[in-house]
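Notes for the one structure printed next.
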There are 2 protein chains.
Amino acid sequence: MQITSKFTAAVHILTCIDIFDGQMRVTSDVLSGSTGVNAVIVRNVLGQLRTAGIVETRQGSGGAHLAKALDEITLYDIYKAVDCVDDEGLFHFHENPNVECPVGRNIHKAMDGRLEAAQEALENELKSTTLAQVVADTRKIIEEE
Amino acid sequence: MQITSKFTAAVHILTCIDIFDGQMRVTSDVLSGSTGVNAVIVRNVLGQLRTAGIVETRQGSGGAHLAKALDEITLYDIYKAVDCVDDEGLFHFHENPNVECPVGRNIHKAMDGRLEAAQEALENELKSTTLAQVVADTRKIIEEE
DNA sequence: AAAGTTGTAACTTCGCTTGTTTCAACTTTC
DNA sequence: GAAAGTTGAAACAAGCGAAGTTACAACTTT
């Protein structure tokens with residue numbers, strides 16, 4: 001099992017927008033070309049990022065722009081925006097533990113806190129990284145090529 | 001996307017083995033009854049846990065037993081045993097970034113370290129929790145019922 | 001008015017997770 | 001040693017979600 005590639009695609013998309021905005025009109029077609037992700041999927045991702053207040057797009061005119069400063073966008077913001085995990089959480093509990101069994105009816109309670117803590121550890125790490133860092137690294141690697 | 005329920009099922013299974021071993025023969029049927037998970041799946045999970053050196057099972061005789069002390073089994077050991085994530089890692093990178101594009105051919109390098117750090121944060125949290133803690137909590141909740 | 005772009009819905013494809021069926025190999029018990 | 005119960009494993013089916021695809025209305029710019 002893996003976290004949807006929409007997440008890495010979204011980071012890629014935002015990095016492109018930052019780097020190419022001003023030089024060209026960054027349309028969903030351009031972004032599809034760079035990411036290798038279908039243009040409709042790109043537009044879906046852009047839609048989710050727009051809902052989250054991370055980018056600005058408009059029908060007709062074409063070209064996406066960042067709606068926030070790079071260092072105000074964390075990887076967690078992006079991860080949340082593209083719905084990597086739903087309300088159920090990262091871990092999928094087996095669905096029919098037997099309530100007739102003392103373990104079956106209590107295992108959920110015994111585990112939930114620990115599963116949440118693990119998920120939180122992941123998310124805190126994502127919160128501590130900003131898009132500014134990723135873009136800076138990308139620019140640096142490009143310059144060193 | 002979610003981490004396979006085999007993980008929580010495995011923890012449930014191990015908890016049952018610890019609590020019921022001695023009182024009854026803890027067969028895959030018994031475990032299937034408590035977890036609500038198909039008995040064949042239970043046997044698969046037990047097989048993975050056996051490969052990892054966490055439980056002992058034998059053909060014919062029936063009944064699983066723990067192969068280690070409770071406090072020597074971490075949630076991470078179980079998570080690894082049941083193959084929650086493969087070698088690719090927890091995050092799924094979009095597969096065809098365009099190497100003609102400076103961002104496309106470098107985004108992987110720019111992100112990989114940070115994705116690994118996030119995954120590690122999750123796994124470290126799982127490493128810090130032992131089955132002993134989960135079983136202790138489960139017993140406590142049962143007593144308080 | 002024409003051309004290009006976004007937003008969205010409906011459908012398809014593919015792979016993964018879980019369940020199911022089946023059966024050989026093994027152990028215990030009578 | 002035969003019967004009953006259990007494990008291990010393979011093969012197949014069903015269901016679900018991710019990603020791609022097609023199609024088109026709404027919008028902007030020229």
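All chains are named by letter (A, B, ...) in the order of the sequence lines, taking the proteins before the strands, and each is independently numbered beginning at 1.
Note on B:Asn44: nothing from the nucleic acid sits closer than 4.0 angstrom, heavy atoms only.
Applying the salt bridge (Lys or Arg N to Asp or Glu O under 4.0 Å) test to B:Arg58 and every residue at least two apart in sequence or in another chain returns nothing. The side-chain hydrogen bond (donor to acceptor under 3.5 Å, both in side chains) check on A:Asp77 picks up A:Thr74, with sequence neighbours excluded. Under the rule for a ring-ring contact (aromatic ring centres under 6.0 Å, His included), A:His92 has no partner lying at least two apart in sequence or in another chain. Every residue two or more places apart in sequence or in another chain was checked for a ring-ring contact (aromatic ring centres under 6.0 Å, His included) with A:Phe20, and none qualifies. Not a single ring-ring contact (aromatic ring centres under 6.0 Å, His included) links B:His65 to another residue, sequence neighbours left out. Residues passing the side-chain hydrogen bond (donor to acceptor under 3.5 Å, both in side chains) test with B:Thr138: none are found, sequence neighbours excluded.
For the atom pair OG1 (B:Thr129) and OH (B:Tyr76), the distance works out to 13.5 Å, reported to the nearest 0.5 Å. Atom CG of A:Leu75 and atom CG of B:Leu115 lie 7.5 Å apart (nearest 0.5 Å). The distance from the CD atom of B:Glu120 to the CG atom of B:Leu90 is 12.5 Å, given to the nearest 0.5 Å.
The distance from atom CG of A:Leu46 to atom C1' of C:dT5 is 12 Å, rounded to the nearest whole Å. In this structure, B:Asn38 atom CG and D:dG15 atom P are separated by 15 Å, rounded to whole Å. When rounded to the nearest whole Å, the span between CD of A:Gln48 and P of C:dT8 equals 11 Å. The nearest whole Å value for the distance from the CD atom in B:Glu56 to the P atom in D:dG8 is 12 Å. When rounded to the nearest whole Å, the span between CD1 of A:Ile41 and P of C:dT6 equals 15 Å. Straight-line distance from the CD atom of A:Glu95 to the C1' atom of C:dT18: 10 Å, rounded to whole Å. Between the NE2 atom of A:His92 and the C1' atom of D:dG17 there is a distance of 12 Å, given to the nearest Å. With rounding to whole Å, A:His65 atom NE2 is found 12 Å from C:dT5 atom C1'.
Residue B:Ser5 places at least one side-chain N or O under 4.0 Å from the OP1 or OP2 atom of C:dT18. Between B:Arg50 and D:dG8, a side-chain N or O to OP1/OP2 separation shorter than 4.0 Å is present. Taking only side-chain nitrogens and oxygens, A:Thr4 comes nearer than 4.0 Å to OP1 or OP2 of D:dA19.
Across every strand in view, D:dA4 sits in a pair with C:dT27 that passes the Watson-Crick or G-U test at under 3.5 angstrom.
Near-neighbour residues of DNA chain C inside residues 74-81 of chain A, defined by a heavy atom below 4.0 Å, are absent. The stretch residues 9-37 of chain B comes close to DNA chain D through B:Arg25, B:Thr27, B:Ser28, each having a heavy atom under 4.0 Å from the strand.
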Name every donor-acceptor pair, under 3.5 Å, that has one atom in a side chain of residues 47-54 of chain A and the other anywhere in the protein, sequence neighbours excluded.
unit_1: A:Gln48; atom_1: OE1; unit_2: A:Lys6; atom_2: NZ; d: 3.2
unit_1: A:Arg50; atom_1: NE; unit_2: A:Thr57; atom_2: OG1; d: 3.0
unit_1: A:Thr51; atom_1: OG1; unit_2: A:Gly47; atom_2: O; d: 2.9

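Side-chain proximity of B:Val40 to the nucleotides D:dA10, D:dT7, D:dT21 is greatest for D:dA10.
The salt bridge (charged side-chain N to carboxylate O under 4.0 Å, His left out) pairs that include a residue from residues 105-117 of chain B are A:Asp137-B:Arg114, A:Glu145-B:Arg105, where partners are two or more places apart or lie in different chains. The ring-ring contact (aromatic ring centres under 6.0 Å, His included) contacts involving residues 98-143 of chain B comprise B:Phe93-B:His108, where partners must be two or more places apart or lie in separate chains.
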ask   = What string of B, S and - do you get for nucleotides 24-30 of chain D 5' to 3' if you count protein non-hydrogen atoms under 4.0 Å?
value = --BBSS-

